[in-house]
Amino acid sequence: MIKEKILASSIQAYRDLYDQSVSIELSGIQKTKKDFEGDYTLNVFPYLKFSRKSPEETASEVGKYLLDNLDEVQKFNVIKGFLNLVISDDFWIGINEEIYTIQDYGIKKGDQTKVSEVIEFSSPNTNKPLHLGHIRNNLLGWSISELLKANGRIVKNVNLVNDRGIHICKTMLAWQKWAGGKTPKDLGIKGDKYVGDLYIRFDKEYKKEINEIKSQGLEGDEADKNSELMKEARLMLSKWEKNDPETLKIWNTMNGWVYEGFDSTYKALGIKFDKTYHESETYLLGKDLVLQGLNKGVFYKKDDGSVWCDLSDEGLDQKLLLRPDGTSVYMTQDLGTAQLRFDDYHPEKLLYVVGNEQNYHFDVLKIILNKLGKHWAKDITHISYGMVELPSGKMKSREGTVVDADDLMSEMYEASKKLTIELGKTEDIDSAEAETLFRQISLGALKYFILKVDPKKNMVFNPEESIDFNGNTGPFIQYTHARICSLLAKAGKIPNQVSKPGVISGKERSIIKLLNDFPGIIDEAGKNYSPALIANYVYELAKEYNQFYQETPVLKAKTEEQKQFRLQLSANTSKVIKSAMKLLGIEVPERM
RNA sequence: GGCCCCGUAGUUCAAUGGAUAGAAUAGAGGUUUCCUAAACCUUAGAUACAAGUUCGAUUCUUGUCGGGGCUACCA
């Protein structure tokens, strides 16, 4: 608010001083850098051609104007073309008091009658347990959803499970052949892990077979065609598509194991969905859409019976939509899924949190839906995020370098437990609270580590070093919150109206400034689908508070005014930390 | 080959075209009769390279080098 006010007044200044109407686009207002005196800084360089004066002169004249016209501006200084404005202590004290009285500070209320966004994330395959890549996806999806809600939107979280296709048949076949009828319960392992192992087993046996065939002189596709295992898998797929009861029974049973495993991982991560779609339920609809398109002449059929979309008008290639045998591919299914989802919710926007390796897929998806005459194709937004890499490079399931989601969470749990006990933090609490604490801290560390990085960028995760609880980490922020809670508990009740201290310190001022930024940060993070902005903000706030805490007595402040003011400031800080962390899907403990 | 993304301290991350490029961690040194030392303070260290646009470029353009992704029947 204050920023907008300064900006508007500066525009007016150019108007009044130089008789020039300047566009708001040129105007920039930024927080003053730490090394200079001031709260906000205006840059006059873009306006020199209007003022026809030197940068220093222009800045001084505008500064004088603002000083005369805005009560909040107490003084200013000019360095080169930078106009640094100092806002009065009274103003900041007022802001602090105001924030204290607002319950859901920074959270907007919007139109609550219409679904504005449907956001898809997670999107697992039923033949692989969730891994580190899924974790980034899930955390981003969840947090972006929370961000949009905080901006007053109605958001539905949906999952899309890839539960059909040749790869699923491979695991079913592996189970039939080599599992001896064993269930996950028999073996005491999670269902998703069990099925994942079967998939790997199939791959091994298949490679063995292929090598034998190749040693007889066949190559590439020929070898694949002669593989008995692949033949059986394809046969199974076609049986599945024909609703063969025996095949469906195995399919249902094995998928059931996987879902049980997924549920437990989601629960551990704190992720929930409003609805889960399955490709087995959407691929037929996708086929229908493709056939409709074929009838309309939007698509074409090749001699072998396969159906294609010509994208050369858009500068792209041909895209396969149905195989010669009529079975569907990923794109076919996704067309169906999109249609179903639109029919279910009629949202303003359809969001997809999917890795950037699929940028091309989503470009094509939108174009094809458009060709089919779906007016809502333009409302599809692919929230494309970067890959998680290990120090050794990309994770590869075949090389066994995939970091399993459950394993990672339990390693972090053990690490946080060990450290917490070492630090003697568990001495005064019972075991239930201790366990909650270990969980909160370990998840706080993991989630913050991943979310603080700009979603668009690839990131490196080093399992050895990334499990950290000091510095720019989730636990650091959680700790700051716990410290404040402890302080507030000792202080007792704080009145809403406190007597004002008159003068505030630099640290106090910069904390209030940060608190004042919170609503704007929520807005920006929502617009950019970027939880990283929240993460970096809340870290900055916690760091600033810790410095304040170190150098400033609160309960033992010299005057009662100071004490009450600082308590309010502390309460506001903990409120914003808690709220910001919730947007990241991170809980904050009251003691740690 | 074609298209797209990315190169910032040893490492992991920041920086609407603006001031002396910020943090954290690892390194070196320090802080506890005082509200939680998972904290705080001090110190050293980086824009891959070369041109261009601009009053001003880590940011925009082009080229070189390096890394990653996609590219007609995996999802």
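All values below come from the heavy atoms of this structure, side chains included, with hydrogens, waters and symmetry mates left out. Please read these numbers as outputs of a predicted model, since none were measured by experiment. In what follows, chains are A, B, ... by sequence order, proteins preceding strands, each numbered from 1.
- Between A:M592 and A:Q440 there is no side-chain heavy-atom pair separated by less than 4.5 Å.
- Remark: the separation of the C1' atoms in B:A9 and B:G45 is 5 Å, to the nearest Å.
- Distance, A:F36 CZ to B:G22 C1': 14 Å, rounded to whole Å.
- A:N43 contributes a side-chain N or O that forms a donor-acceptor pair with the base of B:G18 under 3.5 Å.
- Note that A:R341 lies in the cation-pi zone of A:Y277, set by a 6.0 Å cut-off to the ring centre and a 45° limit from the axis.
- Shown here, B:G29 forms a base pair with B:C41; the pair counts as Watson-Crick or G-U wobble because both key distances fall under 3.5 Å.
- Distances shown here put a side-chain N or O of A:K457 below 4.0 Å from the OP1 or OP2 atom of B:A14.
- Pair assignment for B:A23: B:U12, on the basis of Watson-Crick or G-U wobble contacts that are both within less than 3.5 Å.
- Side-chain N/O atoms of A:Y360 include none lying less than 4.0 angstrom from OP1 or OP2 on B:C70.
- A:K33 has a side-chain polar atom (N or O) that falls below the 4.0 Å cut-off from OP1 or OP2 of B:A19.
- Between A:K31 and A:R483, it is A:K31 whose nearest contact on RNA chain B lies nearer the 5' terminus.
- Using a 4.0 Å cut-off between a side-chain N of Lys or Arg and a carboxylate O of Asp or Glu, A:E508 and A:R566 qualify as a salt bridge.
- Not a single donor-acceptor pair, N or O on each side, falls under 3.5 Å between the base of B:A38 and the side chain of A:N546.
- Proximity of A:Q550 to the phosphate of B:U31: no side-chain N or O atom is located under 4.0 Å from OP1 or OP2.
- With both ends at atom P, the span from B:C40 to B:U25 equals 8 Å, rounded to whole Å.
- With no hydrogens or angles considered, no side-chain donor-acceptor pair links A:D39 and A:T32 at under 3.5 Å.
- For the P atoms, the distance linking B:A57 with B:A50 amounts to 15 Å, nearest Å.
- Look at the P atom in both B:A38 and B:C34: the space between them is 15 Å, to the nearest Å.
- At a cut-off of 3.5 Å, with distance as the only test, no side-chain donor of A:H382 or A:D363 sits close to an acceptor on the other residue.
- Taking atom C1' on both nucleotides, B:A46 is separated from B:A15 by 13 Å, rounded to a whole Å.
- Under the stacking criterion of a centre-to-centre distance below 5.5 angstrom and an interplanar angle below 30°, A:W308 is not stacked against the six-membered ring of B:A72.
- When Watson-Crick and G-U wobble pairs are counted only if both distances are under 3.5 Å, B:G63 pairs with B:C49.
- Closest-nucleotide positions on RNA chain B for A:F548 and A:Y539 were compared, and the one nearer the 5' end corresponds to A:Y539.
- In this structure, A:K319 is not positioned above the aromatic face of A:W308 in the sense of NZ or CZ being under 6.0 Å from the six-membered ring centre and within 45° of the axis.
- In this structure, A:L322 reaches neither bases nor backbone, as no heavy-atom distance under 4.0 Å exists between it and the strands shown.
- Using a 4.0 Å cut-off, no side-chain N or O of A:R591 falls inside it from OP1 or OP2 of B:A38.
- Within the structure, every side-chain polar atom (N or O) of A:N462 is placed at least 4.0 Å from both OP1 and OP2 of B:U11.
- The aromatic ring of A:F82 stacks onto the base of B:A19, its centre lying under 5.5 Å from the centre of the six-membered base ring with the two planes under 30° apart.
- Between the side chain of A:T420 and the base of B:A38 there is at least one donor-acceptor pair of N/O atoms closer than 3.5 Å.
- The phosphate of B:C73 (OP1 or OP2) has no side-chain N or O of A:S306 nearer than 4.0 angstrom.
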